[in-house]
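These numbers were taken from a predicted model, which means no experiment stands behind them.
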Amino acid sequence: MTVFRRDGLRAAAAGICLVALFGAVGCGADTAPADRSGAIQRALDDAVRGGFPGAQAVLTTDAGDRTVNAGVGDIATGAPFPVDARVRIGSNTKTFVATVVLQLVAEGKIELDAPIERYLPGVVRGNGNDGNRITVRHLLQHTSGLPEYLAGGDPELRAERGTAQLEVNTEAVRWRRYDPAELVRLAMTMPPQFEPGARSLYTNTNYVLLGMLIQQTTGRTASAEITARIIEPLGLRDTGLPLAGETGISGPHPVGYQEIDGVRVDFTDLDPSWADTAGAMIATGSDLNRFFRALLDGRLLPAAQLNEMRRTVPFDRMPDAGYGLGLIHLPTSCGKEVWGHGGSIPGFETRNGVTADGLAVTITVNQLPTSEENAELVQRAFDAAVCSG
């Protein structure tokens, strides 16, 4: 996720159409009350006026999906976001990974408070990093203290001086193929950020290691386990981790833009291997909503593991939120209790969550925020959809 904060601290990374999907599709075909749709539409329009090419809200209940669009999915053609638009979902990948890890905990194959050294011997080592002192829970909750292999903080995604951090908006990183072990080795060239368990600091290295943990434990890739355990049982036909070497987005999708040195460029295609199990997945808003509803409904995890997932610590990227085990407790202006995550990757940002009464919301914009004000517009759109939907 990309979140800008006033304290300046780093945080890791033309036609307007209303589409109703409760059985009908088309501009102006909304079946929801006008005041609800109006609040969401206004918030999305504000996001477009604030600088995003386009924005889409997908709301899911037992009755089905409803989609609201603003702006464009393609600046060159003026086409809006497609219905069931596939996008890169960034760090929402973490919730899929955490769910599989906790399923393995429930099956007795992984111990939540065991050191990662037990499962990945010799992998977390060097420059003061010690896998004997870092547990699976630390990784899931970003309390490991491990260094971050990705650059982050401002829209230019600059690396910390003197580190091996990857700058993901550069052409060299954009098209290069990385494997998870290589990403972890990059992280191990740097010292820890803090003592394990001392605090929480959102760090992508944690979830690359969790993907490696899944493969070591099951003998199959994290992608295969996510597919077998989540995607196929829930029928998420438009969701998955890209195949090796797959740089495009198949199926209907908007163009994803990235602002680099003040110039907006088409960043839709890239090799997302640098994001791996920390953020490489692709999905639609409706698939994301179905996944999070199933997770929060208890259809993917036993109660004990879902309760662990909801045990939170302060979240460094959102002062009013709490981070659990790959799940975030999100604040809302209307006081609704919402659990979700969100994700950012060059080209796309998503905000998503599920209310206690089962309303699931995903907001997508097809460019990363370039300022705190931009980021706030996306959050306002999410809040409007949650509170008005």
Side-chain angles (χ1 to χ4, degrees), residues 89 91-124 131-144 146 179-181 183-184 196-197 200 202-236 239-241 275-281 283 287-288 290-313 323-328 339-341 343:
I89 62 171
S91 287
N92 285 300
T93 305
K94 292 179 172 69
T95 312
F96 286 83
V97 169
T99 300
V100 172
V101 170
L102 287 165
Q103 287 176 343
L104 293 169
V105 170
E107 293 164 14
K109 297 173 182 175
I110 292 174
E111 289 186 26
L112 197 52
D113 293 306
I116 192 62
E117 180 71 15
R118 177 188 297 179
Y119 306 105
L120 299 173
V123 173
V124 180
N132 290 296
R133 304 177 60 219
I134 294 168
T135 67
V136 175
R137 185 191 300 274
H138 286 148
L139 297 175
L140 286 163
Q141 203 158 47
H142 297 294
T143 54
S144 71
L146 287 173
D179 81 23
L183 299 174
V184 173
S200 176
Y202 192 86
T203 305
N204 290 287
T205 309
N206 295 319
Y207 275 77
V208 175
L209 282 163
L210 289 167
M212 294 171 68
L213 170 65
I214 291 170
Q215 181 159 358
Q216 181 66 25
T217 303
T218 66
R220 303 204 304 168
T221 65
S223 177
E225 289 296 320
I226 289 169
T227 299
R229 291 168 174 271
I230 299 173
I231 292 173
E232 290 177 346
L234 296 182
L236 307 181
T239 298
L241 275 158
D276 193 59
T277 47
M281 287 182 73
D287 270 7
L288 269 181
R290 282 170 175 75
F291 163 61
F292 277 94
R293 289 188 85 209
L295 176 62
L296 274 302
D297 282 350
R299 283 180 274 157
L300 294 175
L301 289 174
Q305 280 68 47
L306 185 56
N307 288 338
E308 291 285 357
M309 211 173 197
R310 295 186 200 229
R311 291 177 57 188
T312 64
V313 294
Y323 202 95
L325 306 184
L327 194 63
I328 304 174
W339 291 91
H341 204 281

**Message:** Using the salt bridge (Lys or Arg N to Asp or Glu O under 4.0 Å) criterion, which residues pair with Glu107? Sequence neighbours excluded.
**Reply:** Lys109, Arg229
**Counterpart residues, salt bridge (Lys or Arg N to Asp or Glu O under 4.0 Å), relative to Arg310 (two or more places apart)** = none
**Prompt:** Just how far is it from atom OG1 of Thr239 to atom CG of Asp287, taken to the nearest 0.5 Å?
**Reply:** 3.5 Å
**Fill in**
Residue set satisfying side-chain hydrogen bond (donor to acceptor under 3.5 Å, both in side chains) with Glu117, at least two apart, ordered chain then number -> Arg125
**Where Val136 and Tyr119 come nearest, the two heavy atoms and their spacing** = CG2-CE1, 4.0 Å
**Asked** Arg293: what forms a salt bridge (Lys or Arg N to Asp or Glu O under 4.0 Å) with it, not counting sequence neighbours?
**Response** Asp62
**Prompt:** Do His142 and Asn206 have a side chain donor and acceptor closer than 3.5 Å?
**Reply:** yes
**Request:** Compute whether any side-chain donor of one residue and acceptor of the other, for Asn204 and Lys94, lie under 3.5 angstrom apart.
**Result:** yes
**Fill in**
Here the pair of heavy atoms bringing Ala278 nearest to Thr93 is C-CB, 4.2 Å
**Message:** Going by salt bridge (Lys or Arg N to Asp or Glu O under 4.0 Å), name the residues that satisfy it together with Glu308, two or more places apart in sequence or in a different chain.
**Reply:** Arg137, Arg311
**Message:** Which residues pass the side-chain hydrogen bond (donor to acceptor under 3.5 Å, both in side chains) test with Thr277, not counting sequence neighbours?
**Reply:** none
**Closest contact, heavy atoms only, Gly131 versus Pro115** = O-CB, 3.5 Å
**Complete:** Taken in chain and number order and not counting sequence neighbours, the residues that satisfy side-chain hydrogen bond (donor to acceptor under 3.5 Å, both in side chains) with Thr135 are His138
**Message:** Ignoring hydrogens and geometry beyond distance, is a side-chain donor-acceptor pair present between Ser91 and Tyr202 at under 3.5 Å?
**Reply:** yes
**Complete:** side chain to side chain contact (heavy atoms under 4.5 Å, CB included) filter on Ala106, not counting sequence neighbours, yields Pro302, Gln305
**Prompt:** Of all residues at least two apart in sequence or in a different chain, which pass the side chain to side chain contact (heavy atoms under 4.5 Å, CB included) check with Thr218?
**Reply:** Leu104, Ile214, Arg220, Glu225
**Prompt:** Are any side-chain N or O atoms of Tyr207 and backbone N or O atoms of Leu140, one a donor and one an acceptor, separated by less than 3.5 Å?
**Reply:** yes
**Prompt:** Which heavy-atom pair separates Gly211 from Ala222 by the least distance, and what is that distance?
**Reply:** O-CB, 4.0 Å
**Prompt:** Are the ring centres of Phe291 and His341 closer than 6.0 Å?
**Reply:** no
**Check: Asn92 side chain, Ile89 main-chain N or O, donor-acceptor pair, under 3.5 Å** = yes
**Request:** State which residues pass ring pair (Phe, Tyr, Trp, His ring centres under 6.0 Å) with Phe292; sequence neighbours excluded, sorted by chain then number.
**Result:** none
**Fill in**
Sorted by chain and number, sequence neighbours left out, side chain to side chain contact (heavy atoms under 4.5 Å, CB included) with Pro233 holds for none
**Any donor-acceptor N/O pair, Ser200 side chain to Gln141 backbone, under 3.5 Å** = yes
**Item:** Shortest non-hydrogen contact between Leu120 and Leu209, atoms and distance
**Value:** CD1-O, 3.7 Å
**Fill in**
In short, Ala98 meets Met309 closest at the heavy-atom pair CB-CE, 3.9 Å
**Item:** Any residue meeting side-chain hydrogen bond (donor to acceptor under 3.5 Å, both in side chains) with Asp179, in chain and number order, not counting sequence neighbours
**Value:** none
